[in-house]
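Heads up, the thing below is written out as structure tokens.
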Number of protein chains: 2
Amino acid sequence: MDSTDIAKIAGVSRSTVSRVINNYANVPEQTREKVMKVIKEYNYVPHASARSLVKKKSQTIGLFIIDVHEKMHPGIYNNTYFSPFTASVIDYANRKNYFVLTFSVYRYDELRKVLDIFREGRVDAGIFIGVKNGEESLQKIINEGYKIAIVDYEITGIETAKNALVINADNEGGAYKATTYLIKNGHKSIAHIAGDLKKLSGIQRINGYRRALQEAGLEYKDELIFYGDFDAESGYKAAKEIANISPMPTAVFAANDSMAMGAMEAFKEDGIKIPDDISIVGFDDIELASYVHPPLTTVRVFLHKMAMLATNRIVDLIDSGTTNCHHDIVAVELVERASVRALR
Amino acid sequence: MDSTDIAKIAGVSRSTVSRVINNYANVPEQTREKVMKVIKEYNYVPHASARSLVKKKSQTIGLFIIDVHEKMHPGIYNNTYFSPFTASVIDYANRKNYFVLTFSVYRYDELRKVLDIFREGRVDAGIFIGVKNGEESLQKIINEGYKIAIVDYEITGIETAKNALVINADNEGGAYKATTYLIKNGHKSIAHIAGDLKKLSGIQRINGYRRALQEAGLEYKDELIFYGDFDAESGYKAAKEIANISPMPTAVFAANDSMAMGAMEAFKEDGIKIPDDISIVGFDDIELASYVHPPLTTVRVFLHKMAMLATNRIVDLIDSGTTNCHHDIVAVELVERASVRALR
DNA sequence: TTGTAAGCGTTATCAC
DNA sequence: GTGATAACGCTTACAA
């Protein structure tokens, strides 16, 4: 059942069918109804490929979840972290009549294949999350002029990036808040479990920690920084080391909740009580954070809001063609739970 | 940069370029190399729409997450439950060179739009999860002959469904195991918080509960059945009612973990200790289950395995064209944690 | 207002 | 082996 058939049955030409389908102004109500009746009757829908071939528009946006881990447990993809982001992107895109093609990238070399997806014309734009800062394959995509929105990223070479926009959480501010919160609670020796410093959020969070210390007149000590990778296991390892410091720091600021939870587990194993013996603050406020014991004090990131911004902005970019290169910074908020103790 | 350009530069015809791209046998190594060189040099990739137009194949499968709730908190999509399923589908599909178009359906009437996605030729096949049993819109899709795999569903009218396959967890067996486990632990008065009985899993789980009771010679009592909808809130409400029964049942089998956790919260509020005062078993083994206190004893469903089966089966169906209508039942396993107490 | 015809970028058929 | 040529199903000038 294609437009030719519909045209024949309705007694008009293919062009007229097309005009009706596309809601052209210059078709009289009478013919419109006549054609619509046949369209409804035969459940005619224009073929997507034929349409995008001529319109040069696929009406779909690509969602690229980059989830690379040092050691990959093959077959186990537990990136529940991206779940609210993904769900929101799909929802907002669908609302604006866009389809979403989702990809998971588990190794950086797979990112090269992503470029071809754009070249094939399979997507009109892309949304990226989880990319390490300055990633070469991504820069290539930007340089070829494809429209993309990136979460947790910093675009270099701004003049070439007329079609790239960026959405970040206020990582620096959040880390500052978290650390300051610990300081206000009387903590003076605060360790930091840093995240993956190849990611913008990793860098910004350690910076916020540092600034809070400095502004409070506390010394930033290298031996209190533990380099993780945002995974729980690295938080666990860091905590094992922290437990061996004497005197032990009274508090830990972890760059995300997963590492905070890994650390909690390690402390628990060693008989170190939270928050009695050590306080801990995380970042992200993932679903689990409120379920662990004690419930984790953390910095809430509004991933769904970031998804909304990314999607709406990129759709605007496609639809309007404007090269209004945005950089959004989404506010975060400290959520106090029970993993921090006030000293003295 | 299209095939015409490549052809011109390489000094051959479009047909030859096509033959090279598609790895046809009858092109000599020399021309192949000559053409490939140009293709590489100009990063030529065939246009997806043009290709699927003529091949009548989009090389993408649709993933439809049906997530309808009675009362929808607008804008908040917390379906972390589907996350491992989604991630696995995408991964397995990508491995077999398929793309995945994902949709979330939050209201049943939106399901009608899904049919058009098939008609548009946007997807070669679809995978559905979360549909209520016998859903009309889905039956329509099946009847029009589209290739689909459904999770948690029962296909009626088997002769018309040559292209539909089904993947289910062993819900009945799992519920039987869970209930029997409680019985073996000395429980005789076991309440059941049923799930959404419009879903196959809801029905099968209550059936397994019933069979376990019967085989143990225990009476199935209507007043011990509480009708929920798989959401935490309904579990919470059920527990509030259970707490008022006297004598209170010594155990509860909830048809999923969310309801079990809702129930735990309610019991906690009422000062009812788990497992001291009441034992509880859930179903699914979602990530949270091991983090709540006490850690929840539950029945593990291998969603990623079901995703793998669904994806591989549907890809086979597309590629081979065979109408080998499968019905898989994926085994489940009881995971003992700390929410059940042995009586006496 | 409507129809004819060209074109979107491929692949498939058929000669040569 | 390779190159015309005709589809694939649609939109869009252009003509009428």
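Numbers restart at 1 for each chain; the letters A, B, ... are given by sequence-line order, proteins then strands.
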What I want to check is whether an N or O donor and acceptor connect the side chain of B:Arg32 with the base of D:dG1 at under 3.5 Å. no
Hey, does the side-chain of B:Arg14 have a donor or acceptor N/O within less than 3.5 Å of a partner on the base of C:dT10? yes
Taking the minimum atom-to-atom distance to the side chain of [X], which one of [options] wins?
X	options	answer
B:Pro28	C:dT10, D:dT11, D:dG1	D:dG1
B:Lys55	C:dC8, D:dG3, C:dA12	C:dA12
B:Val54	D:dG1, C:dT11, C:dC14	C:dT11
A:Lys56	C:dG9, C:dA12, D:dT11	C:dG9
B:Arg19	C:dG9, C:dG3, C:dC14	C:dC14
B:His47	C:dG3, D:dC10, C:dT10	C:dT10

I want to check one thing: is the phosphate of D:dC10, taken as OP1 and OP2, less than 4.0 Å away from some side-chain N or O of A:Ser3? yes
Measuring to OP1 and OP2 of C:dA12, would you say a side-chain N or O of B:Tyr24 lies under 4.0 angstrom away? yes
Base, sugar-phosphate alone, or nothing: which one does [X] contact when heavy atoms must sit under 4.0 Å apart?
X	answer
B:Ser49	nothing
B:Asn26	base
A:Thr31	sugar-phosphate
A:Val17	nothing
B:Ser15	base

In this structure, how many angstroms lie between the [atom2] atom of [N] and the [atom1] atom of [X], rounded?
X	N	atom1	atom2	value
A:Arg119	C:dT10	CZ	C1'	19 Å
A:Asp5	D:dC8	CG	C1'	14 Å
A:Asn22	D:dC10	CG	P	11 Å
B:Ile21	C:dG9	CD1	P	15 Å
A:Arg122	C:dC8	CZ	P	21 Å
B:Glu29	D:dG1	CD	P	13 Å
B:Lys57	C:dA12	NZ	C1'	17 Å
A:Arg51	C:dG9	CZ	C1'	18 Å

[X] and [Y]: side-chain donor and acceptor closer than 3.5 Å?
X	Y	result
A:Asp124	A:Tyr146	no
A:Arg95	A:Asn312	no
B:Ser49	A:Ser52	yes

Does [X] pair with [Y] as a salt bridge, N-O distance under 4.0 Å?
X	Y	result
B:Arg119	B:Asp116	yes
A:Arg313	A:Asp328	yes
B:Glu110	B:Arg107	yes

Of A:Thr16 and B:Gly11, the one whose closest DNA chain D nucleotide lies more 5':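 Per heavy-atom nearest nucleotide, the more 5' residue is B:Gly11.
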Please figure out whether B:Val27 or B:Leu53 has its closest DNA chain D nucleotide nearer the 5' end.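 Per heavy-atom nearest nucleotide, the more 5' residue is B:Val27.
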